[in-house]
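First comes the structure, then the notes that go with it.
Hydrogens, waters and symmetry mates are skipped; everything else that's a heavy atom, side chains included, is used. All ligand and atom numbering here is 1-based and tracks the order in the structure. Please read all numbers here as calculations on a predicted model, not as lab measurements.
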Amino acid sequence: MTARDPHRFVNELEKSAIERLIARLESRAKDKVFTRLFDRYAAELIPGNGGKVLEVGCGTGATLRALVRRDDFVGEAVGVDQSQDFIEAARKFVAGESFVAKMTFDVGDAHRLDFPDGTFDIVFAHTLISHVTDPLSVLREMIRVLRPGGKLAIFDGDYASMTYALPDHDLGQRLDAALVKASFNNPRIMRDLPRMMPGFGLKLEAAWGEAVVEIGKGSYFKSFVETYAPYIVKAGLFPADVVEPWLAAQLKAIEDGTFFAACTYYTYIARRV
Ligand SMILES: C[S@@+](CC[C@H](N)C(=O)[O-])C[C@H]1O[C@@H](n2cnc3c(N)ncnc32)[C@H](O)[C@@H]1O
C-alpha cells in the first residue's frame, strides 16, 4: 500500500470519507487560525468592478464564500474543483445567499482548466498546490488563464514542518513524517515556488510566512489529526496499534492543557509579467 493524499484522490474515496472531508473543510473555514491566515491576504483577491477572480481547488467553496462576503468585494468569483461532491456542496452552501449571483462553481481539473487564455484578473489557490499530482502543470495552467499583468496568489503549508509533540521524540518524528506523507503529495512545494516563479513569467510582489502554533489548547491541529491520522494506517505506514495510542495521546494532551503542535504556512502574491 502506498500513501494516497485524500484530497488528490478525493474522487476515489467512499461516500462516508467524502462527507467527513466536507465537514472538515467547513469546520476548518470557521477556525480562527484558518480565518486569520486567509484574512491576511483576502484583500489582494478582489478583482474590482467587472473583474473576475478564480479559485482553483475551491473544495466546498468556504474560502471563496469568505471572500465574496467581504463588504469591499466587487466583481465575479469562480470556483473550480475536481470533486463533483465538493462542487455540489459548494452550490448548496451559497443557495439563497444574497451574493449567490456573483459566484459560479464548476467541476474541473487544475491540470487542464477549461477556460480560454487570460480569462481572469486574479487566480488563487488556497491549500491546493500541496495536494495536486503535478504542481508545476497546475502553476502553468493558473498562469495561462490569468491575463497578462494579473495577480496570482498561492497559500499553503510547508507541511514538512508539521509536528506534534510526543515524549518519545524518535517515534514522534516518524509519526509526524507518516502523517504528512499520508496527507500531502507535495509537502515541500512552498519551499520551491520562489525559486521557480521567474521561470514561469511571474514576479513575486509580496511573500510572508506564519507559524501556526497551538500550545495547551488544540483546535486547528486537533481537527487535522483526527481527520488524517486514519490515512497513516490506510497507507500502511504504521499499524493501527501505534497510530491510535498516538492520536489518543494528542487528544489527552488537549484535555490536560499540555498539547503542542506547529506548522509553518506561506503566502505568495505574484504578478504575471
Ligand atoms: C485542502 S482542500 C482546499 C479547499 C479550499 N481551497 C479550502 O481552503 O477550503 C484541497 C482541494 O483541492 C482539490 N484538488 C486536488 N487536486 C485537484 C485537481 N487536480 N484539480 C482540481 N481540484 C483539485 C481537492 O478536491 C480539494 O477540494
Inter-residue atom distance Asp121.CG - Arg272.CZ, 0.5 Å rounding: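 One gets 12.0 Å once the value is rounded to the nearest 0.5 Å.
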Residues in contact with ligand 1, criterion: heavy atom under 4.0 Å: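 Only His7, Val10, Leu25, Arg28, Phe34, Glu55, Gly57, Cys58, Gly59, Thr63, Asp81, Gln82, Phe86, Gly108, Asp109, Ala110, His111, His126, Thr127, Leu128, His131, Val132 have heavy atoms that fall under 4.0 Å of ligand 1, ordered by chain and number.
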Can you list the residues that meet the salt bridge (Lys or Arg N to Asp or Glu O under 4.0 Å) rule with Arg4, with sequence neighbours excluded?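 Only Glu12 meet the salt bridge (Lys or Arg N to Asp or Glu O under 4.0 Å) criterion with Arg4.
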Geometric cation-pi criterion, Lys102 with Phe99: 6.0 Å, 45°: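 No, Lys102 does not lie over the aromatic ring of Phe99.
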Output side-chain donor-acceptor pairs under 3.5 Å for residues 43-59, partner residues at least two apart or in another chain, one line each.
residue	atom	partner	partner atom	Å
Glu44	OE1	Lys151	NZ	2.8

Using a strict cut-off of less than 4.0 Å between a Lys/Arg side-chain nitrogen and an Asp/Glu carboxylate oxygen, indicate whether Arg65 and Glu97 qualify as a salt bridge.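 No, Arg65 and Glu97 are not salt-bridged.
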My understanding is that only residues two or more places apart in sequence, or in another chain, count here; which of them pass side chain to side chain donor-acceptor pair (under 3.5 Å) with Arg28?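 Side chain to side chain donor-acceptor pair (under 3.5 Å) check on Arg28 returns Thr127.
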